[in-house]
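Notes follow once the structure below has been shown.
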Amino acid sequence: MALINTDWTQELDQVNQSLNKLLHTNVEPMIERTMDRGVLEIEKALDKISVEMQGAINELAQQIEQQRVAFIKDIWKIVLVSFTLLTALSLLIIVII
């Protein structure tokens, strides 16, 4: 049992209003600025990664094309050598017969 009854309702409302004002005027803008900076940093990082990945893809495509061209040249060499050997063998057989 309290000797003195006190009503803190008005004081608590003032504190609540002050806290709401502080949150809306100071804290929310600070959080928004921080989030905006974070988003910008992420966008920059993603742009950099995108450029690097595109460069890697282009380099890989160029290397694959070079290997494809070299492979085709090697196949043609094998075909020509095989044809030459078959022709020589045919001529040798004709000469022997």
Side-chain angles (χ1 to χ4, degrees):
M1 182 174 210
L3 293 176
I4 301 174
N5 274 343
T6 55
D7 184 13
W8 292 92
T9 307
Q10 289 179 342
E11 286 79 9
L12 290 175
D13 285 340
Q14 287 178 348
V15 169
N16 190 21
Q17 289 173 1
S18 295
L19 284 175
N20 282 334
K21 183 179 178 184
L22 175 70
L23 287 174
H24 291 299
T25 58
N26 294 344
V27 176
E28 283 182 12
M30 191 176 4
I31 290 172
E32 288 177 7
R33 284 191 305 270
T34 303
M35 288 178 65
D36 288 343
R37 276 187 265 155
V39 168
L40 286 175
E41 290 298 320
I42 290 171
E43 286 176 351
K44 287 178 188 178
L46 289 175
D47 287 343
K48 184 178 179 182
I49 290 170
S50 175
V51 168
E52 289 175 4
M53 286 183 66
Q54 188 61 44
I57 289 169
N58 290 340
E59 184 178 334
L60 180 62
Q62 185 180 24
Q63 289 176 1
I64 290 171
E65 178 63 19
Q66 289 172 352
Q67 290 178 3
R68 186 188 70 81
V69 168
F71 178 73
I72 290 172
K73 286 180 182 178
D74 290 344
I75 293 295
W76 274 109
K77 288 175 187 176
I78 291 170
V79 168
L80 290 174
V81 168
S82 298
F83 181 73
T84 304
L85 289 174
L86 284 174
T87 304
L89 184 60
S90 297
L91 289 174
L92 183 62
I93 289 174
I94 291 173
V95 169
I96 293 177
I97 295 180

Any non-hydrogen side-chain atom of Q14 less than 4.5 Å from a side-chain atom of Q10? no
Members besides V81 in its Ile/Leu/Val/Met/Phe/Trp/Tyr cluster (side-chain heavy atoms under 4.5 Å): L85
When rounded to the nearest 0.5 angstrom, what is the spacing between NE2 in H24 and CG in L19? 10.5 Å
Hey, could you give me the CG/CD1 distance between N26 and I31, rounded to the nearest 0.5 Å? 11.0 Å
Taken to the nearest 0.5 Å, the spacing of I93 CD1 from L89 CG works out to 4.0 Å
Interatomic spacing from CG in L91 to CG in L86 - rounded to 0.5 Å: 11.0 Å
Indicate, with yes or no, if L60 and V51 share a hydrophobic cluster defined by side-chain heavy-atom contacts under 4.5 Å among Ile, Leu, Val, Met, Phe, Trp and Tyr. no
Would you mind reporting whether S82 and I78 have side-chain heavy atoms less than 4.5 Å apart? yes
Considering only residues two or more places apart or on different chains, which pairs with a residue in residues 40-60 satisfy side chain to side chain donor-acceptor pair (under 3.5 Å)? Q54-N58, E59-Q63
CD1 (I72) and CD1 (I75) are apart, to the nearest 0.5 Å, by 9.0 Å
My understanding is that only one of K73, Q66, Q67 makes a side chain to side chain contact (heavy atoms under 4.5 Å, CB included) with V69; could you say which? K73
About how many Å separate CZ of R33 and CZ of R37, when rounded to the nearest 0.5 Å? 7.0 Å
Residues which pass side-chain hydrogen bond (donor to acceptor under 3.5 Å, both in side chains) with R68, listed by chain and number, not counting sequence neighbours: E65
